[in-house]
Amino acid sequence: MLRKFWKSWSYFIVAILFGVLVRVFVVAPFTVPTGSMENTVMPGDTVMTLQLNTHPKRGDAVVFRDDFGWLPPTGKKQYLLKRVIAVGGDTVSWSEGDKHIKINGKPVDESAYLSEDGVGNKEFSVTVPQGKYFVMGDHRNHSGDSRYHLDDANNGLVNQNQIKGVVMFTYWPFDRISANINHEEVFKGVQ
């Protein structure tokens with residue numbers, strides 16, 4: 001009887017186990033809580049992250065654990081979605097009068113994804129240590145990102161071990177499905 005059950009249901013059981021393993025170790029959904037990444041992703045959009053990619057590049061949108069209290073406390077783990085602007089070894093800066101942020105002294109044109117309010121309004125200059133990331137939202141004037149946490153416990157930087165994964169695509173709601181999330185090409189000329 002057990003053999004008959006296994007023969008009838010084995011493919012179904014294996015498929016479910018495979019799906020669970022993929023969901024736990026490979027991909028994870030994340031619902032965007034704020035408008036800090038508008039218009040790339042909107043509040044309430046659900047994105048799929050690749051958990052196997054925890055070494056993002058400049059231009060990648062990442063989901064990371066809020067270990068340093070960037071969001072109001074809720075008593076449970078919280079996650080944020082931001083764009084990686086600078087990686088370990090980079091110096092990132094912006095001053096009033098600059099049209100673009102600078103990475104290692106080179107201006108970077110982010111018009112491919114920035115919202116209509118532009119680069120932002122908070123001056124900064126940060127050298128990023130190895131194993132850390134400087135992140136910003138695409139809706140700069142509505143994003144509590146690295147610029148606004150330079151005085152916190154981690155100097156506004158995201159640690160490698162906080163990264164949950166790189167966003168692959170938006171899949172909900174259906175009218176917002178998009179794979180045009182990451183923009184590594186914007187940083188192509190940065191050394």
Side-chain angles (χ1 to χ4, degrees), residues 28-49 56-74 76-87 90 92-103 107-126 128 132-159 162-173 175-187:
F30 173 77
T31 301
V32 179
T34 70
S36 70
M37 287 293 288
E38 290 176 331
N39 290 320
T40 305
V41 290
M42 304 299 281
D45 284 0
T46 303
V47 298
M48 188 62 71
T49 60
K57 297 180 175 91
R58 295 180 205 102
D60 285 343
V62 295
V63 172
F64 60 95
R65 264 188 343 270
D66 181 20
D67 290 348
F68 298 104
W70 290 14
L71 293 171
T74 63
K76 60 182 181 176
K77 280 187 194 175
Q78 296 188 86
Y79 295 88
L80 294 147
L81 172 64
K82 304 287 183 200
R83 186 172 305 282
V84 172
I85 302 299
V87 298
D90 287 343
V92 56
S93 63
W94 182 80
S95 297
E96 191 174 331
D98 287 346
K99 185 175 178 180
H100 305 293
I101 63 165
K102 292 178 182 172
I103 310 258
V108 177
D109 181 0
E110 299 176 277
S111 58
Y113 53 78
L114 281 184
S115 71
E116 66 282 348
D117 61 3
V119 178
N121 56 14
K122 180 167 178 57
E123 293 189 12
F124 61 91
S125 181
V126 176
V128 182
K132 297 183 187 279
Y133 300 92
F134 188 91
V135 299
M136 296 172 80
D138 292 354
H139 196 181
R140 295 286 159 83
N141 290 330
H142 297 281
S143 177
D145 50 40
S146 289
R147 299 168 295 164
Y148 294 96
H149 297 279
L150 296 174
D151 295 327
D152 74 7
N154 207 38
N155 302 317
L157 302 172
V158 175
N159 294 328
Q162 287 176 260
I163 304 282
K164 178 88 169 160
V166 172
V167 175
M168 297 185 301
F169 55 86
T170 303
Y171 72 92
W172 183 259
D175 65 339
R176 299 251 330 125
I177 290 175
S178 175
N180 190 24
I181 307 289
N182 298 312
H183 290 281
E184 295 172 10
E185 76 282 357
V186 168
F187 298 86

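If you're wondering where the values come from, they're calculated on a predicted model, not measured in any experiment. We use all heavy atoms of the structure for the numbers below, so side chains are in, but hydrogens, waters and symmetry mates are not.
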Donor-acceptor under 3.5 Å (Arg83 side chain, Ile181 main chain): yes

Exercise: do Ser178 and Asn180 side chains pair donor with acceptor under 3.5 Å: no

Side chain to side chain contact (heavy atoms under 4.5 Å, CB included) assessment of Asn155 paired with Lys132: CA-CA 10 Å; Asn155 302 317; Lys132 297 183 187 279; over 6 Å; no

Inter-residue atom distance Ile85.CD1 - Ile101.CD1, 0.5 Å rounding: 4.5 Å

Criterion side chain to side chain contact (heavy atoms under 4.5 Å, CB included) on Met136 and Phe124, from CA distance to verdict: CA-CA 12 Å; Met136 296 172 80; Phe124 61 91; 4.1 Å; yes

Criterion side chain to side chain contact (heavy atoms under 4.5 Å, CB included) on Phe169 and Ile177, from CA distance to verdict: CA-CA 7 Å; Phe169 55 86; Ile177 290 175; 5.8 Å; no

Exercise: identify the closest heavy-atom pair between Lys164 and Ala28: CE-CB, 4.2 Å

Smallest separation among heavy atoms of Pro29 and Met48, with atom names: N-SD, 3.7 Å

Donor-acceptor contact below 3.5 Å, side chain Asp60 vs main chain Val166: no

Side chains of Trp94 and Glu123 in contact at under 4.5 Å (non-hydrogen atoms): yes

Atom pair NZ (Lys99) and OG (Ser111), whose distance is rounded to the nearest 0.5 Å: 8.5 Å

Backbone N/O of Gly137 and side chain of Asp145: donor-acceptor pair under 3.5 Å: yes

Audit row: Val62, Tyr133, side chain to side chain contact (heavy atoms under 4.5 Å, CB included) steps and yes/no: CA-CA 10 Å; Val62 295; Tyr133 300 92; over 6 Å; no

Any side-chain heavy-atom pair of Glu110 and His100 under 4.5 Å: no

Side chain to side chain, Phe134 and Arg147, heavy atoms closer than 4.5 Å: yes

Neighbour count >12 (heavy atoms, 6.0 Å) for atom CD, Glu185: yes

Minimum-distance pair of heavy atoms, taken over all atoms of Phe68 and Ala153: CD2-CB, 3.9 Å

Close side-chain approach of Val126 to Leu157, heavy-atom, < 4.5 Å: yes

Close side-chain approach of Thr46 and Tyr171, heavy atoms under 4.5 Å: yes

Donor-acceptor contact below 3.5 Å, side chain Ser146 vs main chain Gly156: yes

Close side-chain approach of Trp172 to Asp45, heavy-atom, < 4.5 Å: no

Polar side chain donor-acceptor pair, Asn159 to Asp67, under 3.5 angstrom: no

Non-hydrogen atoms of Asp152 and Asn154 that approach each other most closely: OD1-N, 2.9 Å

Modelled atom types, side-chain donor and acceptor of Asn182 and Lys57, under 3.5 Å: no

Glu184 side chain vs Gly59 backbone, donor-acceptor pair below 3.5 Å: no

Residue list, ring pair (Phe, Tyr, Trp, His ring centres under 6.0 Å) with Phe64, at least two apart or on another chain: Trp70

Pair up each side-chain donor or acceptor in residues 33-41 with any protein partner under 3.5 Å, not counting sequence neighbours, and list the distances.
{"unit_1": "Thr34", "atom_1": "OG1", "unit_2": "Ser36", "atom_2": "N", "d": "3.4"}
{"unit_1": "Thr34", "atom_1": "OG1", "unit_2": "Ser36", "atom_2": "OG", "d": "3.3"}
{"unit_1": "Ser36", "atom_1": "OG", "unit_2": "Lys82", "atom_2": "NZ", "d": "2.9"}
{"unit_1": "Glu38", "atom_1": "OE1", "unit_2": "His139", "atom_2": "ND1", "d": "2.9"}
{"unit_1": "Thr40", "atom_1": "OG1", "unit_2": "Asp138", "atom_2": "OD2", "d": "2.5"}

Aromatic ring pairing Phe30/Tyr79, orientation class (parallel under 30°, perpendicular over 60°, tilted between): perpendicular

Nearest-0.5 Å distance that lies between atom CG in Leu80 and atom CZ in Arg65: 11.5 Å

